[in-house]
Amino acid sequence: MDFIRTIVAEDILTGKWNGEVITRFPPEPNGFLHVGHAKSFCLNFGIAAENEGGCCHLRFDDTNPVMEEARYVESILEDVRWMGWSWGEHLYYASDYFDQMYDYAFQLINNGLAYVCDLDAEQMREYRGTLTAPGKDSPYRNRSIEENQDLFRRMKEGEFKDGSRVLRAKIDMSSPNLNMRDPVMYRILHAEHHRTGSKWFIYPTYDWAHGLEDSIEGITHSLCTLEFENHRPLYNWYLDKLGVHHPQQIEFARLELTYTVMSKRKLLQLVEENLVMGWDDPRLPTISGMRRRGYSPESIREFCRRIGINKFNSTIDIALLEHCVREDLNKTSNRVMAVLNPLKVVIDNYPDEEEEWMDAVNNPEDPEAGTRKVPFSKVFYIEQDDFMEDPPKKFFRLAPGREVRLRYAFFVTCTDVVKDDNGQIIELRCSYDPATRGGNAPDGRKVKSTIHWVSAPHALNVEVKLYDHLFTMENPENTADGEDFKSNLNPQSLKTLSDCMVEPSLKEAKCLDRFQFERLGYFSVDSDSTNEKIVFNRTVSLRDTWAKIQKKGHKKQN
RNA sequence: UGGGGUAUUGUGUAAUGGUAGCACAAUUGAUUCUGGUUCAAUUUGUCCGGGUUCGAAUCCUGGUACCCCAACCA
């Protein structure tokens, strides 16, 4: 149990909130959700679900109309729902509280705790002081309550230009916590809001609004990330001065992952500069990207559970995410045979027009998944990597004179290698043993390897997209002088294979369907698929000990 | 530099004064009609220095390192 759940459990035991647990997930609709957000909403919805009567609100923190768009609201709703969480009746928008917040602000003005300040942004920075030096009081700090009331009302009416005035809390310009040095509560913004339209000319800042949103909704445990720890005294101040419900804020560390970036700002940059295909690019750690790539919600939730919750920055190895998705997909996805880089094979002693339908197990991890028939014929494809003319010691697959098993079919022996004028291998000739039908030899002889295959006349031609890490560096921020994170983009992160062969059972595959291509990895049908051509995304490869052996071999040679 | 946080194997995370455990990664072996899965095993750790105690990752004390804060972003 993590430290936050421990606190919640204690609070229930002591009856701190009358045993209630009300959490919330408060995204700003200024971008798509990523797996870091998943950590947060799995925590919030998770805690609510684990406690009887608990509930978790989904609230859009839409206080800055210049950054926010309705389409982001849509995507966030879809992503949270897809991840398996439901907010029930509890869908809220900060913008629904704008009137209430305005009243609260007036309350502070009436009590001499807030004032309208005419300093511009640069002047305000000068007056704020530095980390070590205290700030100076604004010359407008001691306006009369009446003048503040009048000015603030006129700010709301839209009388003043953007940036000309703000409403500030009157706290302490010499506080060692810079957030307490008379922070801005309202700024003038003549901007169209995606929900309130042109009703407002002033918008609350996050610091003013956020605590109020939690308070209005009766949140008990307000869970947020570490950087807001410094803001907690300010939220406390607002809530105490207003005398309203005061949730308990608890901070935890953001998720960081190796080989990727996790800030909405950077993701936006990649999208806007067309360095990726969009917010749902399968290489991105966005929920929509991971969905498109073939990740299951279950695997992402399991990942979020395993990484834990803490109070210090840490970077999780992306291998853990990959492990979680393999673990889930191994149990749930049906096996099929697909050849990514085809090499034609002809069996000389197999009848020309013959076709046989072999029994294949759909999922050895799940007997319920049943079996299917896979067509076999004289000409088929195998993986180029499954043949070597001059194999090293540890290579177990097909080679001249060697016998291997074709999965669910026959034992075949390579008898000849056909090459083109350039010496490239273009075809293999084999003989087969009819007695091994189904894949077992009656005499009990063994082969070192079983390889997959796809019958040529029955094959479906498809496109496959292979993905690698988006960045070449574990930490993309680790850059040479004068470069930014984009200089670490991996030019090999997407590899498109347009001439792959898959077994005919895949003809009916629908968008987002997941499969294991035997011996290769997990693949999912991409939204770019057409009636003419199915496109598959590789979600993640299978663990590949042969690749490791090869790598080691290379290292030894070099 | 003022303030607020945090330090446990390569990476993450447990242990709340009593054998430093688990997962991922790595390595080895067994099983296997997927070089997959499964199973078994191995390697590596309490930021540093003092103190209290029979006993300290945990308590005290002094250091060190890292993160956050000087947007009218969230």
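Throughout, protein chains are lettered first and strands after them, A, B, ... in sequence-line order, and every chain is numbered starting at 1. Just the heavy atoms: all of them, side chains too, but no hydrogens, waters or symmetry mates, feed the values below.
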What is the separation between atom CZ on A:Phe152 and atom P on B:rC72, rounded to the nearest whole Å? 17 Å

Give none if B:rC22 has no partner; otherwise give the nucleotide forming a Watson-Crick or G-U wobble pair with it, both distances under 3.5 Å. B:rG12

Rounding to a whole Å, what distance do you find between A:Arg168:CZ and B:rA71:P? 12 Å

Name the nucleic acid region contacted by A:Val166, choosing base, sugar-phosphate or nothing; use a 4.0 angstrom heavy-atom cut-off, strictly under. base

Check A:Arg153 with A:Glu157, please: is the shortest side-chain N to carboxylate O separation under 4.0 Å? no

Please measure how far the C1' atom in B:rC22 lies from the corresponding atom in B:rA14, and state the result in whole Å. 7 Å

Considering only the C1' atoms, how many Å lie between B:rU32 and B:rC67, rounded to the nearest integer? 48 Å

Select one nucleotide: of B:rU1, B:rC24, B:rC69, the one nearest the side-chain heavy atoms of A:Asn179. B:rC69

Taking B:rA71, B:rC72, B:rG5 as options, the one with an atom nearest any side-chain atom of A:Arg125 is B:rA71

Using a 4.5 Å cut-off on heavy atoms from C-beta on, say whether the side chain of A:Tyr203 contacts that of A:Thr196. yes

P-based separation of B:rC24 from B:rA40 [nearest Å]: 12 Å

Mind checking if A:Asn30 touches a base, just sugar-phosphate, or nothing, with heavy atoms under 4.0 Å? nothing

In Watson-Crick or G-U wobble terms, with both distances under 3.5 Å, the base opposite B:rA40 is B:rU28

Looking for any heavy atom pair under 4.0 Å, which part of the strands does A:Asp162 touch: base, sugar-phosphate only, or nothing? nothing

Salt bridge present between A:Glu383 and A:Arg397 (N-O < 4.0 angstrom): no

Closer to the 5' end of RNA chain B via nearest nucleotide, is it A:Arg254 or A:Met1? A:Met1

In whole Å, I'd like the distance from the CD atom of A:Glu227 to the P atom of B:rG5. 15 Å

Measuring only between side-chain heavy atoms, which start at C-beta, is A:Phe303 closer than 4.5 Å to A:Ile316? yes

Of the nucleotides B:rU1, B:rC72, B:rA74, which has the atom closest to the A:Leu131 side chain? B:rU1

What is the base-pairing partner of B:rG62, counting Watson-Crick and G-U wobble geometry with both distances under 3.5 Å? B:rC48

What is the distance from NE2 of A:His323 to C1' of B:rG12, rounded to the nearest Å? 13 Å

Take the protein atom CD of A:Glu302 and the nucleotide atom C1' of B:rG12, then report the distance between them rounded to whole Å. 14 Å

So do the side chains of A:Arg402 and A:Met388 get within less than 4.5 Å of each other, counting heavy atoms only? no

Strictly below 4.0 Å: does A:Thr130 bring a side-chain N or O up to OP1 or OP2 of B:rG2? no

Counting the atoms with a prime plus P, OP1 and OP2 as sugar-phosphate, which does A:Lys264 contact under 4.0 Å by heavy atoms, base, sugar-phosphate, or nothing? nothing

Evaluate the ring planes of A:Phe380 and A:Trp453, with Trp represented by its six-membered ring, and classify them as parallel (under 30°), tilted (30 to 60°) or perpendicular (over 60°). perpendicular

Let's see if you can work this out: which of B:rA25, B:rC72, B:rU27 has an atom nearest to the side-chain heavy atoms of A:Lys552? B:rU27

With heavy-atom distances below 4.5 Å as the criterion, would you say the side chains of A:Arg59 and A:Asp214 are in contact? yes

For a quick check of understanding: with a heavy-atom distance under 4.0 Å over all strands, which category does A:Tyr203 fall into, base, sugar-phosphate or nothing? nothing

Taking the inter-plane angle between the rings of A:Tyr102 and A:Tyr186 on a 0 to 90° scale, is it parallel (under 30°), tilted (30 to 60°) or perpendicular (over 60°)? perpendicular

Please report the distance separating the C1' of B:rU31 from the corresponding atom of B:rU37, rounded so that it comes out in whole Å. 11 Å

Euclidean distance for P, B:rA56 against B:rG51 (whole angstrom): 12 Å

Counting any heavy atom closer than 4.0 Å, what does A:Tyr408 reach on the DNA or RNA strands: base, sugar-phosphate only, or nothing? base

How long is the line joining CD of A:Glu251 and P of B:rA74, in whole Å? 18 Å

Could you tell me whether A:Tyr206 contacts a base, only the sugar-phosphate backbone, or nothing, with contacts defined as non-hydrogen atoms closer than 4.0 Å? base

Could you tell me how far B:rA26 sits from B:rA7 if I compare only their P atoms? Round to whole Å. 28 Å

A:Asn230 has its side chain closest, among B:rC69, B:rC72, B:rA23, to B:rC69

What about the rings of A:Phe160 and A:Phe201, do their centers lie closer together than 6.0 Å? no

Pick base, sugar-phosphate or nothing for A:Ile307, based on heavy-atom distances below 4.0 Å to the nucleic acid. sugar-phosphate

Side chain of A:Arg128 only, please: which of B:rA14, B:rA71, B:rA74 is the nearest? B:rA71

Measure CD/A:Glu474 against C1'/B:rU11 and give the value in whole Å, please. 9 Å

Would you classify A:Ile318 as touching base, sugar-phosphate or nothing, given that sugar-phosphate means primed atoms plus P, OP1 and OP2, and contacts are heavy atoms under 4.0 Å? nothing

Say you pick atom C1' in B:rG4 and the same atom in B:rU58; how far apart are they, in whole Å? 24 Å

Ring centres under 6.0 Å, that's the criterion: do A:Tyr206 and A:Phe228 meet it? yes

Give one of base, sugar-phosphate or nothing for A:His231, where a contact means two heavy atoms less than 4.0 Å apart. base

Interatomic distance at C1', B:rA57 relative to B:rA30, whole Å: 37 Å

Suppose we define a pair by two distances each less than 3.5 Å, Watson-Crick or G-U wobble; what does B:rG2 pair with here? B:rC69

Nucleotide paired to B:rA56 in any strand shown, Watson-Crick or G-U, under 3.5 Å: none

If you check the A:Thr315 side chain, which of B:rA71, B:rG12, B:rU27 turns out closest? B:rG12

Nearest-angstrom distance from the residue atom CG of A:Asp214 to C1' of B:rA74: 13 Å

Minimum side-chain heavy-atom gap A:Arg5-A:Glu50 below 4.5 Å: yes

Provide a list of protein-nucleic acid N or O atom pairs under 3.5 angstrom, restricted to nucleotides 34-38 of chain B.
| unit_1 | atom_1 | unit_2 | atom_2 | d |
| --- | --- | --- | --- | --- |
| B:rU34 | O5' | A:Arg407 | NH1 | 3.4 |
| B:rU34 | O2 | A:Gln516 | OE1 | 3.0 |
| B:rU34 | O2 | A:Arg519 | N | 2.8 |
| B:rU34 | N3 | A:Gln516 | OE1 | 2.6 |
| B:rU34 | O4 | A:Arg335 | NE | 2.5 |
| B:rU34 | O4 | A:Arg335 | NH2 | 3.1 |
| B:rG35 | OP1 | A:Arg519 | NE | 3.4 |
| B:rG35 | OP1 | A:Arg519 | NH1 | 2.6 |
| B:rG35 | O3' | A:Thr545 | OG1 | 2.9 |
| B:rG35 | O2' | A:Thr545 | N | 3.4 |
| B:rG35 | O2' | A:Thr545 | OG1 | 3.0 |
| B:rG35 | N7 | A:Arg397 | NH1 | 2.4 |
| B:rG35 | O6 | A:Phe396 | N | 2.9 |
| B:rG35 | N1 | A:Lys394 | O | 2.8 |
| B:rG35 | N2 | A:Lys394 | O | 3.4 |
| B:rG36 | OP1 | A:Thr545 | OG1 | 3.3 |
| B:rG36 | N2 | A:Glu365 | OE2 | 2.9 |
| B:rU37 | O2' | A:Asn330 | ND2 | 3.3 |
| B:rU37 | O2' | A:Glu365 | OE1 | 3.4 |
| B:rU37 | O2' | A:Glu365 | OE2 | 3.2 |

In B:rA71, glycosidic geometry as syn within 90° of 0 or anti otherwise: syn

